[in-house]
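I have placed the structure first, in the form of structure tokens, so that the comments after it can refer back to it.
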Amino acid sequence: MEVVILPTPAHCGRVVADILARVVEGRAGQPLTVGLATGGSPLLAYRELIRRHREEGLSFAGVRAVLLDEYVGLPVGHPQTYREVIRRELTDHIDIDDPDVHGPDGAAPDPLQAAVAYEHLVRDTGPVAVQVLGIGANGHIGFNEPGSSLRSRTRVKTLTEQTRSDNARFFDGPDDVPRHVVTQGLGTIGRAGHLVLTAFGSSKADAVAAAVEGPLTASCPASVLQLHRHATVVVDEEAAAALERADYYRYTLLHKLANQPH
Ligand code: GLP
């Protein structure tokens, strides 16, 4: 795992955008699937990608995208469905075809079946070259709450009250936050070629430290990154504050070999 500690969220956004842009530019006519996350953490990276698309000609033509998760029970088109959020924050502003952006069907009459269908869709649309991840304050990735099997597949999960209250800011009130979600499992996420987790701010410091330096445990779902062959954690100084080996990570970054990618 590589840990990249940068001064500000804006620096982090540029590095995450670099990683995505590199695979998009390097696809050389081959099919490419990227994994997108919602939440606040990837937004600066998405803005940077939109800027590069508009100002530098970065093209996403033919790229497919899969989302990590979706609320259960919100109607199609509800502004807080993750499918709408990703349109608003990224895909409506770049040249990716809307039908090539996929997420779980949280409005399906049978969410359990929708989860199985999405697991198949991710497998058939993939392999996912790069999966962008945020992290919840309790260590969740996607919506895999603590206790999630490290090998889990896409399924329905029940949100913790902490996550519901963390996400209440996007809704009219805390009671409007759905209790259930469909989320890619930790095993599903782990099939991506490169996992890129990004986090900012002191509220994420403990979760980042547990994920990077704590034990591999379902109690911190993001610790599953420790099992992955290519995981990059991009954090600002505040989110890095509880990392014991922070100096080593900075030293490593300073002494990267020429062309050694993240
Ligand atoms: C939600 C999403 C996660 C996201 C997390 C952190 O629960 N399902 O994918 O990583 O929130 O969100 P934020 O980046 O807004 O802190």
Side-chain angles (χ1 to χ4, degrees), residues 8-10 12-13 16-17 34-48 65-74 78-86 88-90 101-104 106 111 115 118 122 128 130-148 152 154-171 174 176-186 188-190 192 195-208 210-212 220-225 231-236 238-240:
T8 66
C12 297
V16 174
V34 295
L36 301 176
T38 45
S41 306
L43 288 183
L44 291 170
Y46 294 162
R47 278 180 209 153
E48 174 64 11
V66 290
L67 297 184
L68 281 173
D69 46 15
E70 185 57 272
Y71 291 112
V72 165
L74 297 182
H78 185 290
Q80 292 312 327
T81 57
Y82 283 166
R83 189 67 187 74
E84 283 302 313
V85 170
I86 205 70
R88 216 162 46 232
E89 302 294 355
L90 178 64
V101 183
H102 302 281
Y118 193 63
V122 172
V128 175
V130 175
Q131 175 65 59
V132 179
L133 298 166
I135 184 169
N138 62 6
H140 75 229
I141 54 175
F143 267 134
N144 293 279
E145 297 283 34
S148 292
S152 46
T154 306
R155 67 220 183 286
V156 171
K157 287 292 286 181
T158 307
L159 295 181
T160 62
E161 282 302 296
Q162 180 186 345
T163 300
R164 290 187 71 227
S165 105
D166 287 349
N167 289 1
R169 66 191 191 278
F170 299 113
F171 290 83
D176 294 338
V177 185
R179 286 202 161 70
H180 297 97
V181 292
V182 174
T183 181
Q184 285 191 36
L186 297 172
T188 318
I189 292 168
L195 302 182
V196 182
L197 185 147
T198 189
F200 321 122
S202 53
S203 66
K204 299 292 175 71
D206 289 343
V208 167
V212 173
C220 177
S223 68
V224 77
L225 265 68
T232 306
V233 174
V234 184
V235 287
D236 72 347
E238 289 185 4

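These figures come from a predicted structure and were not determined experimentally. Indexing begins at 1, ligand by ligand and atom by atom, following the structure's order.
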Exercise for review: Given side-chain contact (heavy atoms from CB on, under 4.5 Å), test Val85 with Gln80 step by step and report yes or no.
Suggested key: CA-CA 6 Å; Val85 170; Gln80 292 312 327; 4.0 Å; yes
Atom indices of ligand 1, in the order listed, that fall short of 4.0 Å to a heavy atom of [X]:
X	value
Phe143	1 (C), 7 (O), 8 (N)
Tyr82	1 (C), 2 (C), 8 (N)
Gly134	10 (O)
Ile135	6 (C), 10 (O)

N/O to N/O below 3.5 Å, does that happen between [X] and ligand 1?
X	result
Thr163	no
Gly40	yes
Pro42	no

Students should be able to answer this: which protein heavy-atom is nearest to [atom], and at what distance?
atom	value
atom 16 (O) of ligand 1	Lys204 NZ, 2.6 Å
atom 3 (C) of ligand 1	Gly142 O, 3.4 Å
atom 14 (O) of ligand 1	Ser41 OG, 2.5 Å
atom 4 (C) of ligand 1	Thr38 O, 4.1 Å
atom 5 (C) of ligand 1	His140 NE2, 3.6 Å
atom 12 (O) of ligand 1	Gly39 CA, 4.0 Å
atom 8 (N) of ligand 1	Asp69 OD2, 2.8 Å

[X], portion touching ligand 1 at heavy-atom distance under 4.0 Å:
X	value
Ala37	neither
Arg169	side chain
Asn167	side chain

Review point. Between Val208 and Ala199, which heavy-atom pair has the shortest distance, and what is it?
Key: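 Smallest interatomic distance, heavy atoms only, reads CG2-CB, 3.9 Å.
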Point to revise | Residue pair Gly139 / Ala207: nearest heavy atoms and the distance that separates them | key: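 Answer, listing the atom of Gly139 first, then Ala207: N-CB, 4.0 Å.
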Practice item. Check Val224, Leu186, Thr183 against Ser148 for a side-chain contact (heavy atoms from CB on, under 4.5 Å) and give me the one that passes. Key: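 It is Leu186; the other options fail the test.
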Exercise for review: Mark yes or no for whether Arg88, through its side chain, and Pro79, through its backbone, hold a donor-acceptor pair below 3.5 Å.
Suggested key: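 Indeed, once roles are kept as given, a pair shorter than 3.5 Å links the two residues.
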Check your understanding: Are the side chain of Arg83 and the backbone of Val101 linked by a donor-acceptor contact shorter than 3.5 Å?
Key ->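 The answer is yes, because a donor-acceptor pair under 3.5 Å joins these two groups.
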When you compare the side chain of [Y] with that of [X], does any pair of heavy atoms fall below 4.5 Å?
X	Y	result
Val72	Pro178	no
Val233	Leu197	yes
Phe170	Val177	no

Exercise for review: Using distance alone, with no hydrogens and no angle criterion, decide if Arg155 and Thr188 have a side-chain donor and acceptor under 3.5 Å apart.
Suggested key: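 No donor-acceptor contact under 3.5 Å links the two side chains.
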Exercise for review: Could you tell me whether Phe143 and Tyr82 have their ring centroids closer than 6.0 angstrom?
Suggested key: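 Between Tyr82 and Phe143, which both carry aromatic rings, the centre distance is below 6.0 Å.
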